[in-house]
Protein chains: 2
Amino acid sequence: MSAMATRTMRKPPEDKYDERRRALAESALRTLGELGYARASLREIAHNSEFSHGVVHYYFRDKLELIVYCVQEYKKTCVTRYDGVVADATTPEGLVDAFAAKLAETIIDEAPMHRLWYDLRAQSMFEEHLREAVTAIDRTLEDMVWRVVTRYAELADAAPALTPNAAYGVLDGVFQQALLGHVGGQDGALSVLDAQVHELMPLMLRR
Amino acid sequence: MSAMATRTMRKPPEDKYDERRRALAESALRTLGELGYARASLREIAHNSEFSHGVVHYYFRDKLELIVYCVQEYKKTCVTRYDGVVADATTPEGLVDAFAAKLAETIIDEAPMHRLWYDLRAQSMFEEHLREAVTAIDRTLEDMVWRVVTRYAELADAAPALTPNAAYGVLDGVFQQALLGHVGGQDGALSVLDAQVHELMPLMLRR
DNA sequence: CCCGGGTCTTGACGGATGTCAAGACTTTTC
DNA sequence: GAAAAGTCTTGACATCCGTCAAGACCCGGG
């Protein structure tokens with residue numbers, strides 16, 4: 001009768017199951033960051049993990065569910081990335097310095113993850129199954145940026161001159177540009193980013 | 001001996017050859033805009049043209065050469081897109097209105113081409129063979145934006161407050177966001193873009 | 001001890017893809 | 001008008017992909 005609704009036919013562990021899903025998703029994220037969405041096959045993903053290729057369909061219905069799960073997993077590593085910057089800053093200039101430095105740092109340390117993000121966001125314009133997860137992350141990132149901007153305005157004793165989505169669009173634009181340059185081997189890309197952030201942040205304050 | 005250097009073993013037409021390449025590239029662009037880089041197969045591309053699938057390797061060495069050629073072809077349709085806006089504007093406000101309207105218009109009319117562009121740009125972070133062509137287009141777009149910004153500053157009798165790449169990054173960011181929203185069916189995306197452009201352009205002037 | 005359910009591997013399937021060789025059709029050339 | 005060069009189609013190849021079924025392995029409870 002194929003007694004298998006969709007999920008949870010497990011009995012005792014129930015968290016071992018989720019643990020495996022997370023482990024698998026982590027391997028998948030490594031592979032995805034390396035090869036991109038299009039060329040990361042399930043076999044390659046499994047090969048970069050401690051399992052064999054068949055196990056994927058034991059933990060995920062199909063490839064897309066795996067990837068959506070990965071994307072949501074990735075989101076968690078993003079949310080708090082700049083909260084330290086916001087919390088520690090005491091002057092507007094100091095916040096801009098720390099924020100710009102953190103942006104450059106994350107490009108250096110996590111370039112594969114970031115290029116995967118832009119890949120997935122572009123793919124979501126072709127595959128609507130990705131759209132929901134991508135949109136959710138986009139909102140999360142916008143909120144994150146907005147926390148930085150409002151704190152900056154607060155420290156400068158001014159009001160933000162931009163809407164949240166405009167502020168996100170602006171900073172995401174220059175960030176993406178810097179990532180592109182960095183991945184392409186342009187060594188000036190990161191210092192340009194630093195300069196651009198210092199250039200842009202003051203413009204976000206109403207005067 | 002397989003007498004076939006790399007190109008040009010043709011004798012008389014030499015332009016019929018290029019004409020076919022262009023026709024094939026046009027079909028390819030249609031298909032690529034529909035399916036994206038990853039899922040646009042040579043057979044599907046040929047199917048959307050008047051030829052059969054084998055002909056691709058008569059005019060292009062492999063799939064990548066086809067796509068790079070397509071990308072360069074696409075560039076030509078971009079370069080002059082906003083030149084009319086620059087030429088016709090007589091007041092700074094008028095230029096912003098026309099520019100914002102043109103941005104929204106091109107999202108409506110050519111959404112497939114634009115999402116393809118962002119797809120290819122993301123792919124170029126994984127496939128270095130795409131990088132050169134993508135970088136060239138990126139520079140072209142930056143120049144295009146810069147022409148708008150300098151003309152705007154000129155009309156407003158002020159100096160630009162941003163560097164060319166910052167200005168491009170900023171506008172590309174909000175444009176991409178609007179495209180994402182438009183493709184995803186958010187009907188407010190375009191009016192948000194219009195508002196954002198009106199919000200951002202004045203900030204680009206030194207005061 | 002063994003039995004049963006959860007876990008994982010192996011191997012196979014049908015289909016799609018890039019590539020290319022062989023030849024047919026078309027145009028040019030003498 | 002026949003030969004040659006250019007153009008295009010057809011069909012096949014090797015390979016890779018996602019998926020899934022069959023069974024082996026592992027482990028706790030009877």
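Chain naming here is simple, since letters A, B, ... match the order of the sequence lines and numbering starts at 1 in each.
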**Request:** Could you list the residues that satisfy ring-ring contact (aromatic ring centres under 6.0 Å, His included) with B:Phe51, not counting sequence neighbours?
**Result:** none

**Sidechain-backbone polar pair: A:Gln72 side chain, A:Ala133 backbone, donor-acceptor under 3.5 Å** = no

**Message:** In whole Å, I'd like the distance from the CZ atom of B:Arg21 to the P atom of D:dT7.
**Reply:** 13 Å

**Asked** Side-chain N or O of B:Tyr58 less than 4.0 angstrom from OP1 or OP2 on D:dT7?
**Response** yes

**Request:** In plain terms, say whether B:Glu105 and B:Lys102 are close enough for a salt bridge, that is, a side-chain N and a carboxylate O under 4.0 Å apart.
**Result:** yes

With 3.5 Å as the limit, what N/O pairs link the protein to nucleotides 14-20 of chain D?
residue	atom	partner	partner atom	Å
D:dC17	OP1	A:Ser41	OG	3.3
D:dG18	OP1	A:Lys63	NZ	2.7
D:dG18	OP2	A:Leu42	N	2.9
D:dG18	N7	A:Arg43	NH1	2.7
D:dG18	O6	A:Arg43	NH2	3.0
D:dT19	OP2	A:His57	NE2	3.0
D:dT19	OP2	A:Lys63	N	3.1
D:dT19	O5'	A:His57	NE2	3.3

Would you tabulate the nitrogen or oxygen pairs shorter than 3.5 Å linking the protein to nucleotides 24-29 of chain D?
none

**Prompt:** Is the side chain of B:Arg43 donor-acceptor paired with the backbone N or O of B:His53 at a distance under 3.5 Å, no angle test?
**Reply:** no

**Fill in**
Rounded to whole Å, CG of A:Asp18 lies from C1' of C:dT7 at a distance of 15 Å

**Message:** Once you measure the plane-to-plane angle for A:Phe175 and A:His114, does it fall in the parallel (<30°), tilted (30-60°) or perpendicular (>60°) bin?
**Reply:** perpendicular

**Asked** Short question: side chain of A:Arg131, backbone of A:Ser124 - any donor-acceptor pair under 3.5 Å?
**Response** yes

**Message:** Using whole Å, what does the distance between atom C1' of nucleotide C:dC8 and atom OH of A:Tyr17 come to?
**Reply:** 13 Å

**Message:** Tell me the interatomic distance from B:Leu66, atom CG, to C:dT17, atom C1', rounded to whole angstroms.
**Reply:** 15 Å

**Request:** May I have the distance from B:Leu35 (atom CG) to C:dT17 (atom C1'), rounded to whole angstrom?
**Result:** 14 Å

**Length of the NE2-P vector between A:His47 and C:dT10, whole Å** = 13 Å

**Request:** Please say which of A:Arg30, A:Arg81, A:Arg115 ends up in a salt bridge (charged side-chain N to carboxylate O under 4.0 Å, His left out) with A:Glu110.
**Result:** A:Arg81

**Asked** For atom CD of A:Glu34, is the number of surrounding heavy atoms from other residues, nucleotides or ligands below 6.0 Å larger than 12?
**Response** no

